[in-house]
Amino acid sequence: SACGVVNLKISKFGGITKTRVARDLCTELGLAMTIEDCWGGDITTAAIVHLAQSTRADMRFTVTDFNSYNTVCNADGSPQRVDGRVVASD
């Protein structure tokens, strides 16, 4: 195939709902995905992780945890990187 992995950026698609539609299409076509956004902190990372966790595991290529790039925390209980993986809070 000409493409094996695509990059889905939530804000580029116009939000989580529209990105979910693109995610579902990619899944149907068998295209793995990097799920992320253009930039962000705790709240953006929470949106990314929730979308990623509702995506079939075999279709998740990577997920970006932008809050690990920042020094300011703006949300309690935000997803955190643990042993190289992003983990959402309970």
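Throughout, residue positions are numbered sequentially from 1 according to the sequence presented.
- In terms of modelled atom types and a separation under 3.5 Å, the side chain of Thr55 and the main chain of Leu51 share a donor-acceptor contact.
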Evaluate the side chain to side chain donor-acceptor pair (under 3.5 Å) criterion for residues Ser54 and Arg23: first the C-alpha distance (whole Å), next the side-chain angles of each, then the deciding distance (0.1 Å), finally the verdict. CA-CA 10 Å; Ser54 68; Arg23 185 263 330 258; 2.9 Å; yes
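- Contact between Thr44 and Trp39 at its shortest, heavy atoms only, is CG2-O, 3.6 Å.
- In this structure, Cys38 and Lys12 approach most closely via the heavy-atom pair SG-CE, 3.4 Å.
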What verdict does the side-chain contact (heavy atoms from CB on, under 4.5 Å) test give for Val21 and Leu25, after you've listed the backbone C-alpha separation in whole Å, the side-chain angles of each residue and the deciding distance to 0.1 Å? CA-CA 6 Å; Val21 171; Leu25 177 62; 5.9 Å; no
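- Between the OG1 atom in Thr62 and the CE atom in Met33 there is a gap of 10.5 Å [rounded to 0.5 Å].
- Rounded to the nearest 0.5 angstrom, Ile16 CD1 and Leu8 CG are separated by 12.5 Å.
- Nearest heavy-atom pair, Gly40 versus Asn70, reported as atom, atom and distance to 0.1 Å: O-ND2, 2.8 Å.
- The two residues Cys26 and Met59 make their nearest non-hydrogen contact at O-SD, 4.4 Å.
- Under the 4.5 Å side-chain heavy-atom criterion for ILVMFWY residues, no single connected hydrophobic cluster contains both Ile35 and Val5.
- Other residues, nucleotides and ligands contribute only 12 or fewer heavy atoms inside 6.0 Å of the CG atom of Asp76.
- In this structure, Phe66 is not a member of the same hydrophobic cluster as Ile43, with clusters built from ILVMFWY side-chain heavy atoms closer than 4.5 Å.
- The environment of OH in Tyr69 is crowded: more than 12 heavy-atom neighbours from other residues, nucleotides or ligands sit within 6.0 Å.
- The closest donor-acceptor contact from the side chain of Thr45 to the backbone of Asn67 lies under 3.5 Å.
- With values rounded to the nearest 0.5 angstrom, Thr34 atom OG1 is found 5.5 Å from Asn7 atom CG.
- A donor-acceptor pair under 3.5 Å links the side-chain atoms of Asp37 to the main chain of Ser11, judged by distance alone.
- Contact between Cys3 and Leu31 at its shortest, heavy atoms only, is O-CD2, 3.2 Å.
- With values rounded to the nearest 0.5 angstrom, Arg85 atom CZ is found 12.0 Å from Asp65 atom CG.
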Test Thr27 against Arg56 for side chain to side chain donor-acceptor pair (under 3.5 Å), laying out the working first. CA-CA 8 Å; Thr27 299; Arg56 278 185 16 206; 5.8 Å; no
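- Side chain of Arg81 to main chain of Val86: no donor-acceptor pair is present (N/O by atom type, distance under 3.5 Å, no hydrogens or angles).
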